Participant: 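Handing you this structure, nothing more for now.
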Amino acid sequence: PQSALERLGDGSPVFIKNEGQFDNRVKFQVRSGNKTLWLTSQGIVFDVVRAKPAAWDSLKVNANVEDQYPEFGPLLGNQRRGADREESERLVFSQDLVGANGAPVIEASGRRSGIYNYFFGNGPNKWVTGAKGYSEVVYRDVWHGVDLKIYANGRDIEQEFLIHPGADLSKVQVAYRGIEKLE
C-alpha cells in the first residue's frame, strides 16, 4: 500500500524539512514505498520494511541494528512501519560519509506544493505545522570540492557526488553500518 505522501501530486518522493517533528539530528526525511531515509549531517539512515523471504539475497543486514547502534533508536522514533507483521521484517542501516565535513551546509531545492503537519501528544507544544517539502537535497562541500546531491527520480531516490574542479577524489568514501555483507 502507498502512504498518503505517495498519493499526493505526481507520486514522487518528498524531502520533508525537520522543523522539530523529528530527532534533532535529522535534517530531512523522505519516504518512498517501503523505505524511509533520514538525512543527517553524518550521512543517511535507511529504514526499510521488506517481505520475507527477501528478494535482496545479496544484502545481509543486521535486523537487530538498533541494539548494536542505539543512536538509531531515538532518530527513528517509535515507528513500527509494518515490520511487526510476520511476513515482513524491518531493516535499519546507515551510509556514513567517512572523513567528511561534520557540519556540511544542507540545502533543499525544488519546493513542492503543500505543507506537512505533525500532531504528537495531547498538546500543541509537541505539534509541528507547516513543514515544507522539496524534490532534492544537496550537502554542500561534504569533502572539499565535492557535493552530495540526493533527489527524487520518478518514484526512486537517487544520489550523485558532484565533483568540482580541483577536488581530491580519494577523499570520497562511504561506509555502511548495520550491513553484515554486501555482494
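Just so you know, residue 1 is the first one in the sequence shown, and it goes up from there. What you see is a predicted model, and the numbers here were worked out from it, not measured in a lab. Just so you know, these numbers use all the heavy atoms, side chains as well, and skip hydrogens, waters and symmetry mates.
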Participant: Centres of the F15 and Y134 rings: under 6.0 Å?
Facilitator: no
Participant: Could you check D141 against V105 for side chain to side chain contact (heavy atoms under 4.5 Å, CB included), going step by step and ending with a plain yes or no?
Facilitator: CA-CA 8 Å; D141 215 30; V105 172; over 6 Å; no
Participant: Can you name the closest pair of heavy atoms from A131 and I16 and give their distance?
Facilitator: CB-CG2, 4.1 Å
Participant: Find the distance between OG (S41) and NZ (K27) and round it off to the nearest 0.5 Å.
Facilitator: 4.0 Å
Participant: Please round to the nearest 0.5 Å and tell me the distance separating atom CZ of R111 and atom NZ of K132.
Facilitator: 5.5 Å
Participant: Scan side-chain atoms only and decide if E19 and Y118 contain a donor-acceptor pair under the 3.5 Å cut-off.
Facilitator: no
Participant: Report yes or no: does S32 contribute a side-chain atom to a donor-acceptor pair with the main-chain N or O of R155 at less than 3.5 Å?
Facilitator: yes
Participant: Do Q95 and Q159 pair up side chain to side chain, a donor and an acceptor below 3.5 Å, judged on atom types alone?
Facilitator: yes
Participant: From I150 CD1 over to I157 CD1, what is the distance, rounded to the nearest 0.5 angstrom?
Facilitator: 9.0 Å
Participant: Identify the heavy atoms of P13 and G154 that sit nearest to each other, and give their distance.
Facilitator: CD-O, 3.2 Å
Participant: What verdict does the side chain to side chain contact (heavy atoms under 4.5 Å, CB included) test give for W143 and D168, after you've listed the backbone C-alpha separation in whole Å, the side-chain angles of each residue and the deciding distance to 0.1 Å?
Facilitator: CA-CA 8 Å; W143 296 278; D168 181 358; over 6 Å; no
Participant: Run the numbers on L39 and V26 for side chain to side chain contact (heavy atoms under 4.5 Å, CB included), then give the verdict.
Facilitator: CA-CA 6 Å; L39 282 58; V26 174; over 6 Å; no
Participant: For the residue pair H164 and D147, confirm or rule out a side-chain donor-acceptor distance under 3.5 Å.
Facilitator: yes
Participant: Using atom types as modelled and distance alone, determine if a side-chain donor or acceptor of S94 lies under 3.5 Å from a backbone N or O of D96.
Facilitator: no
Participant: If hydrophobic clusters are built by linking Ile, Leu, Val, Met, Phe, Trp and Tyr wherever their side-chain heavy atoms come under 4.5 Å apart, do I106 and F161 end up in the same one?
Facilitator: yes
Participant: I need the single residue from Q29, K35, R90 that forms a side-chain contact (heavy atoms from CB on, under 4.5 Å) with D47. Which is it?
Facilitator: R90
Participant: Walk me through whether I163 and V146 qualify under side chain to side chain contact (heavy atoms under 4.5 Å, CB included).
Facilitator: CA-CA 5 Å; I163 312 300; V146 179; 3.9 Å; yes
Participant: With rounding to the nearest 0.5 angstrom, report the CG to NZ distance, L162 to K149.
Facilitator: 6.5 Å
Participant: Do Y151 and Y139 sit in the same hydrophobic cluster, where Ile, Leu, Val, Met, Phe, Trp and Tyr count as joined when their side-chain heavy atoms come under 4.5 Å apart?
Facilitator: no
Participant: Provide the closest heavy-atom pair for V98 versus V174 in the form atom of the first, atom of the second, distance.
Facilitator: CG2-C, 4.0 Å
Participant: Can you measure from CD (E107) to CD (E136) and round to the nearest 0.5 angstrom?
Facilitator: 10.0 Å
Participant: Is it the case that one hydrophobic cluster holds both L148 and L169, taking links as side-chain heavy atoms less than 4.5 Å apart, direct or via other members?
Facilitator: yes
Participant: Do the side chain of N34 and the main chain of R50 share a donor and acceptor less than 3.5 angstrom apart?
Facilitator: no
Participant: Does atom CG (N122) have a neighbourhood of more than 12 heavy atoms from anything else shown, all under 6.0 Å?
Facilitator: no
Participant: Treat each ILVMFWY residue as a node, draw an edge where side-chain heavy atoms are under 4.5 Å apart, and state whether V138 and V142 are in one component.
Facilitator: no
Participant: Consider ring pair (Phe, Tyr, Trp, His ring centres under 6.0 Å). Of Y116, F120, F119, which one does W127 pass it with?
Facilitator: F119
Participant: Identify the heavy atoms of G102 and Q42 that sit nearest to each other, and give their distance.
Facilitator: O-NE2, 3.4 Å
